[in-house]
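See below for the structure under consideration.
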Number of protein chains: 2
Amino acid sequence: MDDASRAMEGNSETVAGRLALAIHEHRLAPGTKLVEDEVGEIFGVSRTVVRAALQQLAHDRLVTLKRNRGASVAQPTIREAREVFEARALLEPRTARSAAARTTPADIARLQSHIDEEHDALHAGDAGRALRLSGLFHIEIARIADQDTICAFVTQLVARSSLIIALYWQRRNALCESHAHHALLRALADHDGDSAEELMKGHLLDLVSSLDLRNLPGPPRTLAEALGR
Amino acid sequence: MDDASRAMEGNSETVAGRLALAIHEHRLAPGTKLVEDEVGEIFGVSRTVVRAALQQLAHDRLVTLKRNRGASVAQPTIREAREVFEARALLEPRTARSAAARTTPADIARLQSHIDEEHDALHAGDAGRALRLSGLFHIEIARIADQDTICAFVTQLVARSSLIIALYWQRRNALCESHAHHALLRALADHDGDSAEELMKGHLLDLVSSLDLRNLPGPPRTLAEALGR
DNA sequence: GTCGGCTAAATTGTATACAATAAGCCAGCC
DNA sequence: GGCTGGCTTATTGTATACAATTTAGCCGAC
């Protein structure tokens with residue numbers, strides 16, 4: 001707990017952002033207990049601001065908050081995982097279509113840099129960072145569509161997806177097939193709304209199919225595990 | 001500030017819920033300043049819990065929170081109003097379709113009671129309560145679809161719609177044409193997903209068209225109003 | 001008479017103290 | 001030996017105290 005790791009701005013948004021980043025990059029595993037005093041000492045702030053940050057994260061479903069029991073990194077159930085991707089399926093394809101009509105060269109450059117950075121991170125072995133950049137790609141598309149409200153929803157869904165991937169990832173071969181993102185980039189550059197919508201729809205289906213959402217081995221193993229032994 | 005009006009449970013969710021209800025029923029107008037001490041005294045809790053409640057409402061965009069400047073009931077811009085209804089257009093029609101496949105007689109009864117209560121409230125002159133019940137109808141449909149995640153989004157969007165209606169309502173004739181809701185109820189009862197989706201889509205379009213989202217007379221009248229006089 | 005800065009009041013931001021609740025632990029009992 | 005009971009500790013819930021910031025009003029200078 002050296003001084004370098006603390007002494008940042010004391011506002012709760014910074015703390016929430018740092019925690020969210022750690023969750024997003026899979027440095028904080030689902031189920032990890034987040035004790036207020038500990039977090040506060042790490043960031044050099046009091047419990048007051050830590051509590052505000054945790055409540056913020058709980059509202060985004062990144063953290064589970066039980067009364068008198070404290071906060072933990074959320075463990076989405078299989079049902080919740082399905083719901084998140086169903087919501088994304090409703091929002092993102094049509095949003096990609098809207099984005100295609102508004103994409104500027106600057107947007108293309110930014111998306112391309114995301115793909116490049118993701119590629120670099122993957123080859124550097126930093127899968128967490130790659131995953132986060134992959135999510136940023138989706139958020140960026142919602143931003144290009146100039147829809148703040150939908151962008152906020154997508155941002156939350158992408159963050160929750162990161163937790164879902166941490167729990168239910170199965171197909172370890174192609175971590176984040178940037179192929180799909182590259183194809184999307186092309187459709188956006190060509191202002192081809194039809195293709196963008198279809199590509200996004202297919203991409204999300206691919207994502208879901210890369211998860212193991214069949215049985216219940218993940219979070220609800222409290223009882224099952226105890227009975228199995 | 002009699003004792004009857006305070007002395008409820010001191011948790012922030014209760015306070016947030018009470019405030020949200022007041023906003024939803026148009027008893028708290030957009031732009032109203034929410035001073036922490038005042039709210040705390042009204043509900044008989046300390047600023048700590050009031051702050052938590054306000055942050056919660058701010059996350060739902062029902063309240064605007066500016067650093068060192070406090071909280072106010074949000075004043076959605078025209079742009080935000082459009083975005084909210086665009087998001088609803090993406091989420092609700094398809095959700096109504098899903099709901100139609102799962103609607104039970106108990107669901108029908110509950111929806112019917114919402115329509116009836118809305119009718120009663122309207123004839124009793126309680127437009128605020130009618131508006132809230134009208135919103136509950138939409139939320140109930142998302143709940144029937146058994147989609148907690150989408151339901152949470154719809155809940156937030158309905159609440160924000162209430163603020164938008166407070167600011168931009170124009171067509172005063174048919175307050176909440178329960179005709180549309182009644183038709184939707186029929187489609188759900190018949191498990192007619194196609195009709196439910198179409199009816200919901202049309203209903204949302206009607207809602208938007210009943211608003212005056214053209215010029216900028218609403219919230220940004222800070223400068224315009226001053227210049228006009 | 002108006003503009004500028006200065007002071008005071010009000011309000012929010014943060015930390016800490018205390019109370020309440022839950023979890024862990026040891027002892028005693030069946 | 002295992003279980004139950006109360007005690008201890010750790011952690012959260014809430015209130016309050018203090019610091020920082022904004023806001024309003026006022027006085028003085030130009």
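In this text the structure is predicted, and so the values were computed from the model without any measurement. Convention: sequence-line order gives letters A, B, ...; per-chain numbering from 1.
Heavy atoms of Leu34(A) sit under 4.0 angstrom from primed sugar atoms or phosphate atoms, though from no base atom.
Between the CG atom of Leu65(B) and the C1' atom of dT12(C) there is a distance of 10 Å, given to the nearest Å.
With sequence neighbours excluded, the residues satisfying salt bridge (charged side-chain N to carboxylate O under 4.0 Å, His left out) with Glu117(A) are Arg129(A). Evaluation of the side-chain contact (heavy atoms from CB on, under 4.5 Å) rule for Leu21(B) yields Glu25(B), Arg132(B) as partners, not counting sequence neighbours. With sequence neighbours left out, Arg82(B) forms a salt bridge (charged side-chain N to carboxylate O under 4.0 Å, His left out) with no residue at all. A search for salt bridge (charged side-chain N to carboxylate O under 4.0 Å, His left out) contacts involving Arg47(B) returns Glu36(B), not counting sequence neighbours.
Distance NZ/Lys66(B) to OG1/Thr64(B): 7.0 Å, rounded to 0.5 Å.
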Detail all sub-3.5 Å separations between protein N/O atoms and N/O atoms belonging to nucleotides 7-9 of chain C.
none

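Residue pairs meeting the ring pair (Phe, Tyr, Trp, His ring centres under 6.0 Å) criterion with at least one partner in residues 66-86 of chain B, sequence neighbours excluded, do not occur; the list is empty.
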Run the side-chain donor-acceptor check on residues 52-63 of chain A: report pairs under 3.5 Å with partners two or more places apart or on a different chain.
unit_1   : atom_1 : unit_2   : atom_2 : d
His59(A) : ND1    : His59(B) : ND1    : 2.9
His59(A) : NE2    : Asp60(B) : OD1    : 3.1
Asp60(A) : OD1    : His59(B) : NE2    : 3.1

Please tabulate, for the side chains in residues 141-159 of chain A, all donor-acceptor contacts under 3.5 angstrom to protein atoms that are two or more places apart in sequence or on a different chain.
unit_1    : atom_1 : unit_2    : atom_2 : d
Arg143(A) : NE     : Glu140(A) : OE2    : 2.8
Arg143(A) : NH2    : Asp107(A) : OD1    : 3.3
Arg143(A) : NH2    : Glu140(A) : OE2    : 2.7
Asp146(A) : OD1    : Arg79(B)  : NH2    : 3.2
Asp146(A) : OD2    : Arg102(A) : NH2    : 3.4
Asp146(A) : OD2    : Arg79(B)  : NH1    : 3.3
Gln147(A) : NE2    : Glu86(B)  : OE1    : 2.4
Thr149(A) : OG1    : Glu83(B)  : OE1    : 2.9
Thr149(A) : OG1    : Arg160(B) : NH2    : 3.3
Thr155(A) : OG1    : Cys151(A) : O      : 2.7
Gln156(A) : OE1    : Arg160(A) : NH1    : 3.3

Going 5' to 3' through nucleotides 13-24 of chain C and flagging B where a protein heavy-atom sits under 4.0 Å of the base, S where only the sugar-phosphate is that close, and - otherwise, we get BBBBB---SSS-

